[in-house]
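Just so it is clear, the structure is predicted and the values come from calculations on it, not from any experiment. Indexing begins at 1, ligand by ligand and atom by atom, following the structure's order.
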Amino acid sequence: MCVFCKIAAGEIPCTKVYEDEHVLAFLDINPVTQGHTLIIPKKHADDFTQCPSYLVARMHGIARKLAKHYDAILKPKGYHFLSNAKPAAGQSVFHVHFHLIPRYDATDGLDFAFRGTERHKLDPATQKKLHL
Ligand code: AMP
């Protein structure tokens, strides 16, 4: 059983902030900002590319509710809601989870920025191929 399955089963303790039949949310053990929260499905899937859409939608719904709730308590100025899939993207626990990360200001502990560059632009033929 993976570490998040063990948390979902109550075999490993966590600081729970939400639970229902399908979804659990708890504070990250190594928070990158105050209130850094993980939202997981109780049923195992390796990452969000493997997780049924109804569960992803459900986790998104819980993230929205938690964000509204945290607004009143932690008073952040914004949030990240993201999921790392596979090691190349930085995934370290292979049970799908979404990070809900409150943001306060530029010095809140997280250095996260999209630094786009020309060299990442796709040629028009490849762009066309990407259309599903
Ligand atoms: P990722 O690198 O996207 O797979 O994120 C995994 C996250 O899980 C990290 O932010 C860890 O700090 C967190 N984490 C790992 N083990 C635990 C645990 N037992 N309880 C709470 N958070 C955990």
Checklist entry - Quick one: do R103 and D108 make a salt bridge, cutoff under 4.0 Å? => result yes
Item to check | Heavy atom of the protein closest to atom 4 (O) of ligand 1 (residue, atom name, distance) | outcome: S92 N, 2.7 Å
Next on the checklist: Test of understanding: given a 4.0 Å heavy-atom threshold, classify the contact between F94 and ligand 1 as side chain, backbone, both, or neither.
Outcome noted: neither
Next on the checklist: Please list, in number order, the atoms of ligand 1 under 4.0 Å from a heavy atom of L27.
Outcome noted: 21 (C)
Item to check | Q34, CD: over 12 other non-hydrogen atoms inside 6.0 angstrom | outcome: no
Checklist entry - Transitively linked via ILVMFWY side-chain contacts under 4.5 Å: F4 with V96? => result no
Next on the checklist: Among all protein heavy atoms in this structure, tell me which lies nearest to atom 19 (N) of ligand 1, with the distance rounded to 0.1 Å.
Outcome noted: I7 CD1, 3.7 Å
Next on the checklist: What protein heavy atom lies closest to atom 17 (C) of ligand 1? Include the residue and the distance to one decimal.
Outcome noted: I29 CG2, 3.7 Å
Checklist entry - Looking at ligand 1, does C14 have a heavy atom less than 4.0 Å from it? => result no
Item to check | E19 with K42: basic N within carboxylate O range, under 4.0 Å | outcome: yes
Checklist entry - Less than 3.5 Å between some nitrogen or oxygen of L38 and one of ligand 1, yes or no? => result no
Checklist entry - Which residue holds the protein heavy atom closest to atom 5 (O) of ligand 1, what is that atom called, and what is the gap in Å? => result H97 NE2, 3.0 Å
Checklist entry - Looking only at protein heavy atoms, which one is nearest to atom 15 (C) of ligand 1, and how far off is it? => result V93 CG2, 4.0 Å
Checklist entry - What is the closest protein heavy atom to atom 10 (O) of ligand 1, and at what distance does it sit? => result D28 OD2, 2.5 Å
Next on the checklist: Using modelled atom types and a 3.5 Å cut-off, is there a donor and acceptor pairing between side-chain atoms of Q91 and backbone atoms of D46?
Outcome noted: yes
Checklist entry - Quick one: OG1 on T33 to CD1 on I101, what's the gap to the nearest 0.5 Å? => result 6.5 Å
Item to check | ligand 1 versus F98: contacting region, heavy-atom distance under 4.0 Å | outcome: neither
Item to check | Min heavy-atom dist T15 to ligand 1 below 4.0 Å | outcome: no
Item to check | Any donor-acceptor N or O pair under 3.5 Å, side chains Y18, T37 | outcome: no
Checklist entry - Is the closest heavy atom of V32 to ligand 1 under 4.0 Å? => result no
Item to check | Numbering as shown, the atoms of ligand 1 that approach G90 to under 4.0 Å (heavy-atom distance) | outcome: 1 (P), 2 (O)
Checklist entry - For H22, does the NE2 atom sit with more than 12 other heavy atoms under 6.0 Å from it, leaving out its own atoms? => result yes
Next on the checklist: Test of understanding: given a 4.0 Å heavy-atom threshold, classify the contact between N30 and ligand 1 as side chain, backbone, both, or neither.
Outcome noted: both
Checklist entry - Nearest heavy-atom pair of P13 and I7: which atoms, and what distance? => result O-CG1, 4.5 Å
Checklist entry - Is it true that H97 and H95 have ring centroids separated by less than 6.0 Å? => result no
